[in-house]
Trainee: 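After the structure tokens below, expect a handful of questions from me.
Excluded from the calculations below are hydrogen atoms, water molecules and symmetry mates; all remaining heavy atoms, backbone and side chain alike, are included.
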Amino acid sequence: MKKYFVFFLFPLLLKSQEAVFEFKEILANKQETYNKLKFVKNKYFYEDENYKVRETCSGEWGGTIYFKDKKTNLETAASAICVININKIDKKYYVTSALLHRIAHTKIIEIEKPKNLEGFKLPKPVGFNKGRKIYSVEQVESQSEKGTKKILDSSKVLTLASFVFNKRLYHIYTDTLNVYLLKSKITSL
């Protein structure tokens, strides 16, 4: 995997004026790595001083980002395809989500105040099987965009990752033929 990562970024690094990234390799035996990874089962995707954030993804039927307030335990939600990253810049959350189904699709939303998102509760199940509730896929994901601001909603582009570097938001994306590094206009004050 490491060889492919360096291969994709190599053309980008040739064009740069200065070294931006530092690569570090850590060697561990397979059993040691397995033992460390098997305990990384946190149901939260992201956490900061105010919120615990989790996500769900039902592929082409949608996805949801949930913000749980640490003080009130109130959980709010918004539609967010399949979340890749959450980045926080100046108290605003930037949720990058993407889906490669038929045609690549990327969506980036800004959430300034998670408390302004809608609450989400599962509707009544469509049936039961051996005592377990059954839902249709569309029912288990939020359709709400309340409290969000659309930054990007694009087809034929698949975002692979997003990150903050030097107080600026960056995205690594592909058009399935090439890989690009995009420097966003979103910056920290």
Side-chain angles (χ1 to χ4, degrees), residues 1 5 8-9 12 20-22 24 36-37 39-101 104-122 137 140-174 179-189:
M1 176 101 177
F5 183 71
F8 284 125
L9 286 178
L12 297 171
V20 177
F21 300 100
E22 179 181 317
K24 191 174 188 180
K36 287 180 181 177
L37 291 177
F39 296 106
V40 183
K41 291 186 179 179
N42 189 346
K43 70 178 187 174
Y44 295 105
F45 186 81
Y46 174 88
E47 184 172 347
D48 66 12
E49 62 280 356
N50 300 311
Y51 295 97
K52 290 183 178 183
V53 183
R54 65 185 180 93
E55 57 87 29
T56 56
C57 175
S58 295
E60 65 188 275
W61 292 280
T64 306
I65 187 83
Y66 301 88
F67 284 81
K68 186 172 186 177
D69 189 303
K70 287 183 172 181
K71 294 175 187 164
T72 65
N73 275 340
L74 178 67
E75 187 172 68
T76 56
S79 174
I81 312 175
C82 297
V83 178
I84 294 173
N85 288 90
I86 300 172
N87 295 288
K88 186 176 179 184
I89 300 176
D90 292 334
K91 299 182 182 179
K92 294 180 183 177
Y93 298 88
Y94 294 90
V95 180
T96 304
S97 54
L99 180 65
L100 183 59
H101 177 70
H105 187 84
T106 292
K107 187 174 181 180
I108 301 171
I109 58 173
E110 176 187 284
I111 301 172
E112 188 171 350
K113 296 179 181 176
K115 66 181 180 181
N116 292 343
L117 303 177
E118 287 188 352
F120 178 76
K121 296 203 186 286
L122 285 172
V137 180
V140 298
E141 300 294 355
S142 173
Q143 304 301 315
S144 175
E145 293 182 352
K146 180 184 173 195
T148 69
K149 178 181 175 186
K150 198 179 296 184
I151 302 297
L152 175 74
D153 193 357
S154 180
S155 296
K156 299 183 181 178
V157 173
L158 182 68
T159 300
L160 305 171
S162 64
F163 57 93
V164 177
F165 179 74
N166 283 344
K167 300 181 180 182
R168 184 177 291 269
L169 186 59
Y170 288 82
H171 303 281
I172 298 175
Y173 72 95
T174 181
V179 175
Y180 304 93
L181 178 63
L182 171 72
K183 180 167 64 170
S184 170
K185 291 182 179 183
I186 300 167
T187 62
S188 177
L189 298 175

Trainee: Looking at every heavy atom in both Tyr94 and Ile89, which two are closest together, and how far apart are they?
Mentor: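 Closest pair (atom of Tyr94, atom of Ile89, distance): CE1-CB, 4.0 Å.
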Trainee: How many angstroms lie between atom CG of Leu160 and atom OG1 of Thr96, to the nearest 0.5 angstrom?
Mentor: 11.5 Å
Trainee: Could you walk me through whether Lys113 and Phe67 pass the side chain to side chain contact (heavy atoms under 4.5 Å, CB included) test, one step at a time?
Mentor: CA-CA 10 Å; Lys113 296 179 181 176; Phe67 284 81; over 6 Å; no
Trainee: Taking all atoms of both residues into account, what is the closest heavy-atom pair of Ser184 and Arg168, and its distance?
Mentor: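 In terms of heavy atoms, the two residues are closest at O-NH1, 2.7 Å.
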Trainee: As an exercise, state the distance from CD of Glu112 to NZ of Lys92, rounded to the nearest 0.5 Å.
Mentor: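 If we round to the nearest 0.5 Å, Glu112:CD and Lys92:NZ are 5.0 Å apart.
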Trainee: Can you tell me how far apart CG (Leu152) and OH (Tyr173) are? Round to the nearest 0.5 Å.
Mentor: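 Between Leu152 CG and Tyr173 OH, I get 10.0 Å after rounding to 0.5 Å.
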Trainee: Give a yes or no answer on whether the side chain of Ser142 reaches the backbone of Thr64 with a donor-acceptor pair at less than 3.5 Å.
Mentor: no
Trainee: Any side-chain to backbone donor/acceptor pair from Thr106 onto Thr159? Under 3.5 Å, distance only.
Mentor: yes
Trainee: Are more than 12 heavy atoms from other residues, nucleotides or ligands located less than 6.0 Å from atom NZ of Lys70?
Mentor: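 Yes - once you tally the heavy atoms of other residues, nucleotides and ligands closer than 6.0 Å, there are more than 12.
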Trainee: Of all the heavy-atom pairs spanning Lys107 and Ile109, show the shortest one and how long it is.
Mentor: CE-CG2, 3.9 Å
Trainee: Measure across Ala77 and Leu117 and return the closest heavy-atom pair with its distance rounded to 0.1 Å.
Mentor: O-CB, 3.5 Å
Trainee: Could you tell me which non-hydrogen atom of Trp61 sits nearest to which non-hydrogen atom of Gln143, and how far apart they are?
Mentor: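 For Trp61 versus Gln143, the nearest heavy atoms are O-NE2, 4.4 Å.
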Trainee: Could you pull out every donor-acceptor pair under 3.5 Å between side chains of residues 79-87 and any protein atom, sequence neighbours left out?
Mentor:
residue : atom : partner : partner atom : Å
Asn85   : OD1  : Ser162  : N            : 3.1
Asn85   : ND2  : Ser162  : O            : 3.2
Asn87   : ND2  : Ser162  : OG           : 2.8

Trainee: What residues form a side chain to side chain contact (heavy atoms under 4.5 Å, CB included) with Lys88, not counting sequence neighbours?
Mentor: Tyr46, Asp48, Glu49, Asn50, Tyr93
Trainee: Of all heavy-atom pairs between Val140 and Tyr66, which one has the smallest distance, and what is that distance?
Mentor: O-OH, 3.9 Å
Trainee: Within the side chain of Thr76, is there an N or O that forms a donor-acceptor pair under 3.5 Å with the backbone of Pro114?
Mentor: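 It does hold such a pair.
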Trainee: Is there a side-chain contact between His171 and Ile108 in this structure, where contact means two heavy atoms from C-beta onward sitting under 4.5 Å apart?
Mentor: yes
Trainee: Donor-acceptor check, side chain of Glu55 to backbone of Ile65, threshold 3.5 angstrom: yes or no?
Mentor: no
Trainee: Got Tyr51 and Asp69 here, is their nearest side-chain heavy-atom distance under 4.5 Å?
Mentor: yes
Trainee: Under the ring pair (Phe, Tyr, Trp, His ring centres under 6.0 Å) rule, collect the residues that match up with Tyr170, sequence neighbours excluded.
Mentor: Phe163
